[in-house]
Amino acid sequence: MYSLARPLTAVAARSAARTFASAAGTTLVVVEHKNGAVLPATLHAITAAKQLGGSITAVIPAADAASAAPVVEALQQHAPSAILVATHAALAKPAVAEIVAPLVAKAAETSGATHIVAAHSSWGKNVLPRVAALLDVSAVSDAVAILAEDTFTRPIFAGNALATVKATDKVKVVTVRPTAFEPSAATGSAAGAPVSEISADATTATEFVKEDIVKSDRPELDAAKIVVAGGRALKSAENFQILYDLADKLGNAAVGASRAAVDAGYADNSLQIGQTGKVIAPQLYIGAGISGAIQHLAGMKDSKVIVAINKDPEAPIFAVADYGLEADLFEAVPEMTQKL
Ligand SMILES: Cc1cc2nc3c(=O)[nH]c(=O)nc-3n(C[C@H](O)[C@H](O)[C@H](O)COP(=O)(O)OP(=O)(O)OC[C@H]3O[C@@H](n4cnc5c(N)ncnc54)[C@H](O)[C@@H]3O)c2cc1C
């Protein structure tokens, strides 16, 4: 075992949680929800929105007021100043961005928003640039820190550089990286923000058809405290079982994969970690048979503790690992599982 120092990256930015009692007027938080529950990513976005220092209006896209009711109730726990339910009949099915964007733009107008914030999830990434275009302003994507009400830090070049950007537009449209902000904690009491309903013309040629959902009893990859990830070296989907065994021993750990493992069919696409997959920052990341390509590191290098198992001592993943084990994973992983 040996240990190597990790370069300072967004980890430094993550600790900078300040609030600006300043020019932010109203921040509109775009709420992502499913089956009546607010998705965890939105709770991280609420924390980012609070750091802007203005009042918070939550906008909930929904088919009607009745279907939004449990979401409204959950959001009251996070003490927004106001809640807007933005309705459109098409939202009875999962929301397509072409319908949601005009509703959010309308909500921005109604609330006089100076800022619009959403999580940098697949959904947020789809919706917010459209909102920015409708408002004729630029969008700031994947912010990892808020330096002032108009100044944000965001990673570029697959996380190899951090850019500080100043948004000079009248309305700042920002997606925030969930792992860079703590989730907002529920207050335990429904604060009773006023709820109003708005609607907007949103006609589109786009229609939701179907979704394929991978069912899993494990925690979501991007919410898990411990992640065990496997790469191309696993050689088959069956061999991934040794990672699941280790994850079980570690208790409620999620399993992830490199793109090479996903492309080879060893793991489902939803398990991919990296620039084109999920960005995670668990307490503990264990990577087995993963070389550590920059596109993979972009998705996990902010993990608190990184453990790498690789039989090549020159593998780049050792440069970011806190603990590295130069070993054959087919021996090391079962041995770890057995010893735990
Ligand atoms: C635009 C773009 C986007 C991309 N996005 C992503 C992304 O989101 N996520 C991602 O992961 N990749 C992404 N990639 C791919 C990335 O560049 C790498 O190809 C990929 O991460 C490699 O996966 P790997 O580490 O599993 O495989 P390899 O690079 O082949 O590494 C396998 C490693 O396993 C080790 N090994 C082999 N056998 C054993 C053994 N028995 N025991 C222990 N170690 C062993 C080897 O030494 C090697 O280091 C992207 C690439 C591009 C161009």
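First listed ligand is number 1; within each ligand, the first listed atom is number 1.
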Report the part of [X] (side chain from C-beta onward, or backbone N, CA, C, O) that has a heavy atom under 4.0 Å from ligand 1; answer both or neither where that applies.
| X | value |
| --- | --- |
| Ala327 | backbone |
| Ser258 | both |
| Ile294 | neither |

Name the closest protein heavy atom to [atom], giving the residue it belongs to and the distance to 0.1 Å.
| atom | result |
| --- | --- |
| atom 22 (C) of ligand 1 | Ala260 CB, 3.8 Å |
| atom 7 (C) of ligand 1 | Gln272 NE2, 3.2 Å |
| atom 15 (C) of ligand 1 | Arg259 CB, 4.2 Å |
| atom 19 (O) of ligand 1 | Arg232 NH2, 4.4 Å |
| atom 31 (O) of ligand 1 | Ser291 CB, 3.3 Å |
| atom 5 (N) of ligand 1 | Thr276 OG1, 2.6 Å |
| atom 36 (N) of ligand 1 | Ala233 CB, 3.4 Å |
| atom 49 (O) of ligand 1 | Asn310 ND2, 2.9 Å |

Could you list which atoms of ligand 1 come closer than 4.0 Å to a heavy atom of [X]?
| X | value |
| --- | --- |
| Gly231 | 26 (O) |
| Phe330 | 41 (N) |
| Gly277 | 8 (O) |
| Asp328 | 40 (C), 41 (N), 42 (N) |
| Ala293 | 16 (C), 17 (O), 18 (C), 21 (O) |
| Ile273 | 7 (C), 8 (O), 9 (N), 10 (C), 11 (O) |

Proximal candidate to atom 34 (O) of ligand 1 [heavy atom criterion; set Ala261, Gly289, Gly287, Gly274]: Gly289
Pick whichever of Lys311, Gln275, Gln295 has a heavy atom sitting closest to atom 51 (C) of ligand 1. Gln295
Enumerate donor-acceptor pairs with a distance under 3.5 Å from any side-chain N or O in residues 160-170 to protein atoms, sequence neighbours excluded.
{"unit_1": "Asn160", "atom_1": "ND2", "unit_2": "Phe157", "atom_2": "O", "d": "3.3"}
{"unit_1": "Asp169", "atom_1": "OD2", "unit_2": "Ser138", "atom_2": "N", "d": "2.8"}
{"unit_1": "Asp169", "atom_1": "OD2", "unit_2": "Ser138", "atom_2": "OG", "d": "2.7"}

Connected-component partners of Ile83 among ILVMFWY, side-chain separation under 4.5 Å: Val29, Val31, Val38, Leu43, Ile46, Ile56, Ile60, Val71, Val72, Leu75, Val85, Val195
Mind running salt bridge (Lys or Arg N to Asp or Glu O under 4.0 Å) on Arg177 and Asp222 for me, showing each step along the way? CA-CA 11 Å; Arg177 180 177 290 204; Asp222 38 12; over 6 Å; no
Any side-chain donor near an acceptor of the partner, [X] and [Y], under 3.5 Å:
| X | Y | answer |
| --- | --- | --- |
| Glu182 | His44 | no |
| Thr114 | Thr26 | no |
| Lys50 | Ser184 | yes |
| Thr276 | Gln272 | yes |
| Glu32 | Ser121 | yes |
| Ser141 | Arg154 | yes |

Could you walk me through whether Arg130 and Glu98 pass the salt bridge (Lys or Arg N to Asp or Glu O under 4.0 Å) check? CA-CA 8 Å; Arg130 293 169 204 271; Glu98 288 82 353; 3.4 Å; yes
Drop me the distance from Glu335's CD to Ile309's CD1, to the nearest 0.5 angstrom. 10.5 Å
Side-chain heavy-atom pair Ser303, Leu284 within 4.5 angstrom cut-off: no
